Chemist: 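Submitted below is the structure of interest, expressed as structure tokens.
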Protein chains: 2
Amino acid sequence: MPLQDALFRPVRAGNAFEETVERLMQAIRLGVVGPGERLPAERDLATRLGVSRVTLREAIRSLQDAGYVESRRGRYGGTFVNSPLPVPAPDRRVDPAELADALTLRWAVETGAAECAAGRALGPVERRNLLSRLAECRDASVDSYRRKDSRLHLAIAEATGSASLTAAVADARTRVNALLDRIPLLPPNLAHSNEQHELIVTHIVAGDPEAARRAMAEHLDGTALLLRGFLS
Amino acid sequence: MPLQDALFRPVRAGNAFEETVERLMQAIRLGVVGPGERLPAERDLATRLGVSRVTLREAIRSLQDAGYVESRRGRYGGTFVNSPLPVPAPDRRVDPAELADALTLRWAVETGAAECAAGRALGPVERRNLLSRLAECRDASVDSYRRKDSRLHLAIAEATGSASLTAAVADARTRVNALLDRIPLLPPNLAHSNEQHELIVTHIVAGDPEAARRAMAEHLDGTALLLRGFLS
DNA sequence: GTCCAATGGCTCGCTGACATACCTTTGGAG
DNA sequence: CTCCAAAGGTATGTCAGCGAGCCATTGGAC
């Protein structure tokens, strides 16, 4: 019974160390903490992640070894994201079931988020956030595009006002990004993406839920098609 | 920055014991393992949940103490869900932010799931599953309604073919159900719910994504309104 | 020049959780 | 009637992860 598989799935995705590494990598790969920026202080971050400082430090240590961050001591020190970031060696093997699962999840949560965001009365902060993320995305280089793209999509999720939904979008994107890293990023796709972004944000700030949803669906279908084409 | 709050959320929702109890309760409260039915054997379940048998047994023990299950030894023994189930004492206090957050998440994932399910070519098994859940829901007593309702919604999520999305729907429903337990279940609402269920399933099996989504959105807005009315 | 607050770096004892092995009960197969 | 497979029940040694405290480094405030 597949329903029981979904409910009786593992309670832990790994040990505390591994999950902590995943979280930090997620923040870096999604561009939530960009190159040159500082992570929260260890004591603070450990509390937020619900993990001991020892465990957090082991995780940070492994990110240092992998070249993602550097730590400096002293007041105004901290752990900083490196620039440029190392490019991860992509594994070639893709499980088609994982691909379908990740794309379906992303499709559901992101179209839902877009429609939901468009249906709310946005505050000036949220509106500005959306527009500046959109602009950053338009101006992004090929190197930084995936991060800026993720930031825009996360800003849309944030505009729903639901932290859980934002987290769900972040997780879905992390999974899809891991797959996207295995296919080339072509300038024409990038331009097309930007047009669609523009459309989505326009509909959201205009408060047209149906249109926002449709635009987001089309956008996601585009990259889904690319992924399936390259990986199947 | 609320985005960082979403990403740097706790890596663990509690200790292994607590999370295991939550999972088992989820399966029981959502009716995935109904009254009189048997849970998977301890060794099997412990493996699936990624938890040691000792920890699982502590969790089961606490469910026994709370009156939710009973264990029998010997071949063809096992842990069985009690009938009738004890009714949990509801805490009165509801955090309005939690309410909004849970409802938004559920809205996004469930409308997405409905549309997605309608857009797929359903196999005969999935179709039959949907229809029989629908029938069970229609015939359900007031006592068992919430469970049958959850089963139907989970069947819709299952029909997307995505285990992750199914899990997301289960989690969202668990949170919302915990809130619904604090308000009365009135027969007129119940009848209305059943009409909407009929509509949703019809659109899904007919393969009309837009209509399925709209019907689901309306259905969810209905219970959301009820909740907000009673709890705010 | 001195001090100090904030940061990363380190150590140690304690506890929760785990893996493993074995025991006990039960009901059907033969 | 006997046996045995499958299930729950129990015991033990090991280790990851935690909390708490202290040390080392740094750069600004005074």
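What you are looking at is a predicted structure, and each value in this text was computed from that prediction instead of being measured. Throughout, a chain's letter reflects where its sequence line sits, starting with A, and its residues are numbered from 1. Heavy-atom basis, side chains included; hydrogens, waters and symmetry copies ignored.
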Chemist: Between A:E136 and A:R151, is there a side-chain N and carboxylate O pair less than 4.0 Å apart?
Modeler: no
Chemist: Under 6.0 Å from the six-membered ring centre of A:F80 and within 45° of its axis: does the NZ or CZ of A:R72 meet both?
Modeler: yes
Chemist: Could you tell me how far apart A:R61 (CZ) and C:dG8 (C1') are, to the nearest whole angstrom?
Modeler: 13 Å
Chemist: Just how far, in rounded Å, is P of C:dA17 from CD of B:E58?
Modeler: 7 Å
Chemist: Rounded off to whole Å, could you give me the CG-to-P distance for the B:N15 and C:dC18 pair?
Modeler: 10 Å
Chemist: Looking at A:D171 and B:R9, does any basic side-chain N land under 4.0 Å from a carboxylate oxygen?
Modeler: yes
Chemist: In whole angstrom, give the distance that lies between atom CZ of A:F80 and atom C1' of C:dG8.
Modeler: 11 Å
Chemist: Let's see if you can work this out: which of D:dA5, C:dG8, D:dG17 has an atom nearest to the side-chain heavy atoms of B:R75?
Modeler: D:dA5
Chemist: Mind checking salt bridge (Lys or Arg N to Asp or Glu O under 4.0 Å) for A:E18 and listing every partner two or more places apart, or none if nothing turns up?
Modeler: none
Chemist: Can you measure B:R73 atom CZ to D:dC4 atom P for me and round it to whole angstrom units?
Modeler: 20 Å
Chemist: Using a strict threshold of under 4.0 Å (side-chain N to carboxylate O), is an ion pair present between A:D65 and A:R61?
Modeler: yes
Chemist: Between D:dA7 atom C1' and B:L39 atom CG, what is the distance in whole Å?
Modeler: 13 Å
Chemist: Tell me: CZ of B:R57 to C1' of D:dA7, nearest whole Å?
Modeler: 11 Å
Chemist: Produce the list of close N/O pairs, under 3.5 Å, pairing protein atoms with atoms of nucleotides 18-20 of chain D; give distances to one decimal.
Modeler:
unit_1: D:dC18; atom_1: OP1; unit_2: A:S52; atom_2: N; d: 3.4
unit_1: D:dC18; atom_1: OP2; unit_2: A:S52; atom_2: N; d: 3.1
unit_1: D:dC18; atom_1: OP2; unit_2: A:S52; atom_2: OG; d: 2.9
unit_1: D:dC18; atom_1: OP2; unit_2: A:T55; atom_2: OG1; d: 2.2

Chemist: Heavy atoms only: give me the nearest B:A66-B:P86 pair and the separation to one decimal.
Modeler: O-CG, 3.5 Å
Chemist: I need the CZ-P distance between B:F17 and C:dA17, as an integer number of Å.
Modeler: 9 Å
Chemist: Base, sugar-phosphate alone, or nothing: which one does B:R72 contact when heavy atoms must sit under 4.0 Å apart?
Modeler: sugar-phosphate
